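What follows is a single structure, written as structure tokens, with notes after it.
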Amino acid sequence: MKFLACILLLTSCLTAFSQDPPVVTAAQRTEAYLPLLEGKRVGMLVNQTSVINDSTHLVDSLLKRGIKIVKIFSPEHGFRGQADAGEKVGNSTDEKTGIPIVSLYGKHRKADKADLADVDILVFDVQDVGVRFYTYISTLEELMESAAENGKPLVVLDRPNPNGFVVDGPVLDTAFRSFVGMQPIPIMHGMTVGEYAKMLNGEGWLDNKAQCDLTVITCLHYHRSRPLGYEIKIPPSPNLRTMNAILLYPGMCLFEGTAISLGRGTDKPFEIYGHPSFPKTLPYSFTPRSMPGAKKPVLMDSLCYGYDHSHWRGWLVGGVNLSYLINAYKMFPGKDKFFNAFFNKLAGNAVLQEQIKQGTDAEKIYKSWEPGIKAFKKIRKKYLLYKDI
């Protein structure tokens with residue numbers, strides 16, 4: 001029932017907004033933020049998605065306009081977005097511009113006083129996917145804390161949330177706080193990074209309830225309820241290569257906390273799943289290989305049997321789809337080895353794992369999330385910059 005309702009919502013939204021003007025990202029609205037940067041020494045937290053009109057990198061554009069960029073800060077996957085998930089990326093220098101790059105992923109996740117000594121103002125422009133365990137919002141939070149602690153203003157250039165048309169999933173229990181879930185929000189929070197930054201400030205969620213001097217430059221023509229109205233053409237990370245994968249990601253990523261392959265090391269990551277122990281009669285098979293962006297994938301070089309969901313079905317999901325996970329658990333022979341220690345961090349609690357082990361029906365699990373989602377929506381509403389769903 002849940003996903004039937006989502007399909008009806010998505011279908012009506014697609015029809016309603018099919019004639020809308022194209023989205024204009026904040027990065028494209030240079031007239032709105034150039035006056036804030038002129039004459040300043042600028043530090044930028046950016047990656048490969050930080051482009052104008054899907055072509056010109058924001059760093060190159062601003063340099064041509066005479067903006068003095070003194071430092072680049074990079075999130076997970078690095079400035080060029082080529083590193084594996086979890087791979088530690090060191091500091092470097094951008095070959096094209098000669099600007100020093102400071103990695104904010106790994107042991108040095110937070111820009112310190114030395115990093116910011118020659119910076120007057122910070123800019124954040126990264127394409128997020130609207131999911132709690134996607135680490136760009138964790139990096140944003142720690143950048144806000146650094147800005148607040150060192151008295152540096154921060155400008156967030158907003159971008160649409162491709163999964164912004166629904167709020168779904170269990171709200172994180174802060175006892176399970178980690179870099180893949182730092183605040184009590186659902187798996188799918190339904191907010192842009194600009195809105196989320198306002199929430200971090202407004203709810204006093206930064207360390208010591210610090211307040212960041214925050215400016216959010218908004219998008220134009222963005223409707224939260226227009227799924228597929230904004231197609232992400234540059235992969236936000238090496239293994240989210242298609243819009244379908246991005247839309248499947250909220251549910252499929254839970255496989256990271258299990259023994260199952262979700263397609264890393266293939267040409268369809270986050271769109272397929274399988275395991276060598278699954279029945280050979282299943283409709284799809286694949287073998288994960290070592291490749292750029294997946295140097296040591298789960299079940300590398302092992303023939304896996306499973307399912308292929310790569311045919312643009314993601315938009316039909318409309319939320320955190322547990323059916324794949326529940327199906328995989330039922331088929332897996334060694335139940336005590338199905339989950340690993342990472343699962344509860346992704347789920348944000350210890351409850352979901354137990355519900356699946358006990359054979360709880362998916363609809364009952366979804367129902368158990370509703371009180372937390374309802375309470376979160378009341379908080380969220382205060383910070384929305386665009387029309388709500």
Side-chain angles (χ1 to χ4, degrees), residues 1-10 129-134 137-138 161 163-178 180-191 196 199 203 205 224-225 227 247-260 262 270 273 309 314-332 335-336 338-382 388-389:
M1 290 298 294
K2 170 184 175 180
F3 292 109
L4 175 60
C6 287
I7 290 169
L8 293 173
L9 169 65
L10 290 169
V129 299
V131 179
R132 184 182 67 218
F133 35 68
Y134 204 63
I137 58 170
S138 296
N161 175 355
N163 282 303
F165 51 86
V166 65
V167 176
D168 199 26
V171 172
L172 178 126
D173 175 347
T174 53
F176 292 86
R177 178 176 278 145
S178 73
V180 292
M182 297 179 70
Q183 298 300 344
I185 64 174
I187 288 176
M188 301 178 74
H189 49 74
M191 306 178 82
Y196 187 68
M199 177 184 280
E203 294 303 305
W205 285 348
R224 208 178 310 275
S225 50
L247 294 165
L248 287 168
Y249 177 75
M252 290 288 283
C253 188
L254 293 171
F255 279 125
E256 302 271 38
T258 74
I260 307 303
L262 48 69
F270 293 99
Y273 72 93
H309 297 291
W315 69 274
L316 294 174
V317 174
V320 181
N321 188 348
L322 294 178
S323 64
Y324 309 140
L325 184 68
I326 291 172
N327 180 52
Y329 182 74
K330 288 178 178 178
M331 289 192 298
F332 196 73
K335 297 287 191 288
D336 59 330
F338 183 81
F339 293 102
N340 62 42
F342 193 44
F343 186 84
N344 288 353
K345 290 183 178 180
L346 291 170
N349 59 53
V351 176
L352 180 57
Q353 181 175 159
E354 291 306 310
Q355 288 173 319
I356 293 170
K357 286 179 176 179
Q358 292 167 12
T360 307
D361 178 78
E363 290 299 328
K364 289 183 179 179
I365 298 176
Y366 299 142
K367 195 76 175 175
S368 72
W369 297 344
E370 289 180 0
I373 291 172
K374 184 177 180 181
F376 170 74
K377 282 185 173 180
K378 288 183 179 179
I379 299 172
R380 169 181 172 272
K381 187 175 181 180
K382 296 183 287 183
D388 200 8
I389 49 179

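The shown structure was predicted, so the numbers you read here are calculated from the model rather than taken from an experiment. We're numbering straight along the sequence, starting at 1.
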| Distance-minimising heavy-atom pair for S323 and Y366 | N-OH, 4.3 Å
| message | What's the separation between atom CG in L352 and atom CD1 in I187, rounded to the nearest 0.5 Å? | response | 7.0 Å
| said: With ring pair (Phe, Tyr, Trp, His ring centres under 6.0 Å) as the test, pick out the partner of Y329 among F339, Y273, Y324. | reply: F339
| Would one find more than 12 heavy atoms of other residues, nucleotides or ligands at under 6.0 Å from atom NZ of K382? | yes
| task | First locate atom CD of Q183, then atom CZ of R177, and finally report the distance between them rounded to the nearest 0.5 Å. | result | 5.0 Å
| request: Over 60° means perpendicular and under 30° means parallel, so classify the ring planes of H189 and Y196, tilted if in between. | output: parallel
| task | Could you tell me whether the side chain of P184 reaches within less than 4.5 Å of the side chain of W205, counting heavy atoms only? | result | yes
| request: Write down the atom of L254, the atom of A347, and the distance for their closest heavy-atom approach. | output: CD2-N, 4.3 Å
| query | Where is the tightest heavy-atom contact between V171 and F376, given as atom of each residue plus distance? | reply | CG2-CB, 4.4 Å
| message | Test side-chain contact (heavy atoms from CB on, under 4.5 Å) on L325 and T258; report intermediate values, then the result. | response | CA-CA 9 Å; L325 184 68; T258 74; 4.0 Å; yes
| How far apart are the C-alpha atoms of R380 and M199, what are their side-chain angles, what is the distance that settles it, and do they pass the side-chain contact (heavy atoms from CB on, under 4.5 Å) test? | CA-CA 7 Å; R380 169 181 172 272; M199 177 184 280; 3.9 Å; yes
| query | How long is the span from the CD1 atom in I373 to the CD1 atom in I185, to the nearest 0.5 Å? | reply | 12.0 Å
| query | What pair of heavy atoms forms the shortest contact from V167 to G190, and how long is it? | reply | CG2-CA, 4.1 Å
| Nearest heavy-atom pair of P186 and D168: which atoms, and what distance? | CB-O, 3.4 Å
| task | For the pair R132 (side chain) and P250 (backbone), establish whether a donor and an acceptor sit closer than 3.5 Å, ignoring hydrogens and angles. | result | no
| query | Do other residues, nucleotides or ligands put more than 12 heavy atoms under 6.0 Å from the NZ atom of K367? | reply | no
| Nearest-0.5 Å distance that lies between atom CZ in F133 and atom CE in M188 | 9.0 Å
| Looking at I326 and A362, what are the two nearest heavy atoms and their distance? | CD1-CB, 3.8 Å
| query | To the nearest 0.5 Å, how far apart are CG in L322 and CD in Q355? | reply | 8.5 Å
| salt bridge (charged side-chain N to carboxylate O under 4.0 Å, His left out) with D173: which residues, sequence neighbours excluded? | none
| field | Pairwise distance CG(N321) to CG(L247) - rounded to 0.5 angstrom | value | 12.0 Å
| field | Main-chain N/O of A350 paired with N344 side-chain donor or acceptor, under 3.5 Å | value | no
| said: Tell me if the aromatic rings of F343 and F176 count as close, with their centers under 6.0 Å from one another. | reply: no
| Can F338 and Q353 be said to form a side-chain contact (heavy atoms from CB on, under 4.5 Å), step by step? | CA-CA 10 Å; F338 183 81; Q353 181 175 159; over 6 Å; no
| request: For N161 and M191, indicate whether the former's side chain and the latter's backbone hold a donor-acceptor pair under 3.5 Å. | output: yes
